[in-house]
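A short write-up of the structure that comes next.
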Amino acid sequence: MSSVIDLHSHSTISDGLFTPSDLVRRAAAQGVKVLALTDHDDVGGLDEARVAAIEAGIALVNGVEISVTWNKRSVHIVGLRIDPTCESLRDGLAAIRAGRGERAMRIAAELEKAGIPGSLEGAYTYAANPDIISRTHFARFLVEKCIVKNTRAVFKKYLVKGKPGYVEHSWADFSAAIGWIRASGGIAVLAHPGRYDLGKTNLSSLIDDFKEAGGEAIEVVTGSHTADQFVQFADYAQEFDLLASTGSDFHGVGESYMDLGRLPALPSGCKPVWHDWPEMRSTGSDLARRSASSTQD
Ligand code: AMP
Ligand code: MN
Ligand code: MN
Ligand code: MN
């Protein structure tokens, strides 16, 4: 099964394992025709990705995944078709990046208390872009030290609420971040809503606030949703009159739930976030229809 549209992916500019150009080449090799690079809190990979996309003959969508705080919880908002030169977006992302270094020091201090020394230096050796030092880089260090067998297992034992190495952090303001995306001409997408472990009431209130702030789409199909959640969030999209998005959230081989270009189709009834995008016209006559209706080889 292959899918030609993938609107959520990461490179070494944040916590992915492939450089932007290698990521684009891998996407193209996997059959992707329209790829969004959505690095955490940084748009620094888009120029390189664009050159690679032209060479590979696929369309690149300018994207970003912004870390925000909503009701004391960490939530991710993907921006698609953003203008990476927009000043308010750039300033906002720079402020988030500035907080990551200090947070990393607190994570390392907590791990040290739990008997794991040297994690700050260790994590930075995995961060190709030190501005985006993230829990993923700490996870890779813990795997290297054979403390945990793989990065997914790390997030069960460490770095999450209630476990060693977790620290509270104040990310960007929820509504402000949606405002930056819109100011840059982009579309705000609520990323992987099934990951937040919210009950129905809180989820509805998150989606209400998201819409109120100008959010327009929700990820329905993503690597971290189960098949049941594809259906559940397709229903949410319809109930809240939101466009539906799809993306693997690929970080690297062996670290991601889903590879590039291997997404199932959006459930029927969803209005795809790309329904009026010109990219869809320029990359093949029947592309939008194929991806909207089904996946095929
Ligand atoms: P940070 O932005 O530093 O909080 O790191 C968040 C990143 O950690 C996410 O974007 C994922 O790449 C990774 N991550 C978080 N939770 C998990 C998990 N349960 N399994 C695997 N990776 C995770
Ligand atoms: Mn990540
Ligand atoms: Mn995310
Ligand atoms: Mn992501």
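The figures that follow rest on heavy atoms only: side chains count, while hydrogens, waters and symmetry mates do not. Small disclaimer: the values here were computed from a predicted structure and weren't measured. Just follow the structure's listing: the first ligand is 1, and inside any ligand the first atom is 1.
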Between [Y] and [X], is there a salt bridge with N-O shorter than 4.0 Å?
{"X": "E87", "Y": "R90", "value": "no"}
{"X": "E168", "Y": "R106", "value": "no"}
{"X": "R73", "Y": "D197", "value": "no"}
{"X": "K211", "Y": "E216", "value": "no"}
{"X": "R262", "Y": "D259", "value": "no"}

Check your understanding: Quick check: does H251 have an N/O/S atom under 2.8 Å of the Mn ion (ligand 2)?
Key -> yes

Could you tell me whether some N/O pair between [X] and ligand 1 is separated by less than 3.5 angstrom?
{"X": "S67", "value": "no"}
{"X": "H76", "value": "no"}
{"X": "W171", "value": "no"}

Review point. Within 45° of the ring axis of Y158 and under 6.0 Å from its six-membered ring centre, is that where the NZ or CZ of R135 lies?
Key: no

In the protein, which heavy atom is nearest to [atom], and how far is it?
{"atom": "atom 7 (C) of ligand 1", "value": "T136 OG1, 3.5 Å"}
{"atom": "atom 6 (C) of ligand 1", "value": "R135 NH2, 3.6 Å"}
{"atom": "atom 21 (C) of ligand 1", "value": "F155 CD1, 3.5 Å"}
{"atom": "atom 9 (C) of ligand 1", "value": "D15 OD2, 4.0 Å"}

Should the ring pair [X] and [Y] be called parallel, tilted or perpendicular, given that the plane angle runs from 0 to 90° and is split at 30 and 60?
{"X": "H10", "Y": "H40", "value": "parallel"}
{"X": "H169", "Y": "W171", "value": "perpendicular"}
{"X": "Y236", "Y": "F240", "value": "parallel"}
{"X": "H225", "Y": "F233", "value": "parallel"}

Point to revise | Any T151 heavy atom less than 4.0 Å to ligand 1 | key: no

Practice item. May I ask whether K156 places a heavy atom under 4.0 Å from ligand 1? Key: no

Practice item. Please name the atom of D15, restricted to N, O or S, that is closest to the Mn ion (ligand 2). Key: OD2

Exercise for review: Would you kindly specify which portion of E65 sits under 4.0 Å from ligand 1, judged on non-hydrogen atoms: side chain, backbone, both or neither?
Suggested key: neither

Review point. Heavy-atom contacts under 4.0 Å between R100 and ligand 1: side chain, backbone, both, or neither?
Key: side chain

Exercise for review: Would you list the protein N, O or S atoms within less than 2.8 Å of the Mn ion (ligand 3), leaving out water?
Suggested key: E65 OE2, H76 ND1, H192 NE2

Spacing of [X] atom [atom1] and [Y] atom [atom2] [to the nearest 0.5 Å]:
{"X": "T69", "Y": "F174", "atom1": "OG1", "atom2": "CZ", "value": "10.5 Å"}
{"X": "I66", "Y": "W180", "atom1": "CD1", "atom2": "CH2", "value": "6.0 Å"}
{"X": "E65", "Y": "L93", "atom1": "CD", "atom2": "CG", "value": "11.5 Å"}

Exercise for review: Just go through R152, R103, H192, H169 and tell me whose heavy atom is the nearest to atom 4 (O) of ligand 1.
Suggested key: R103

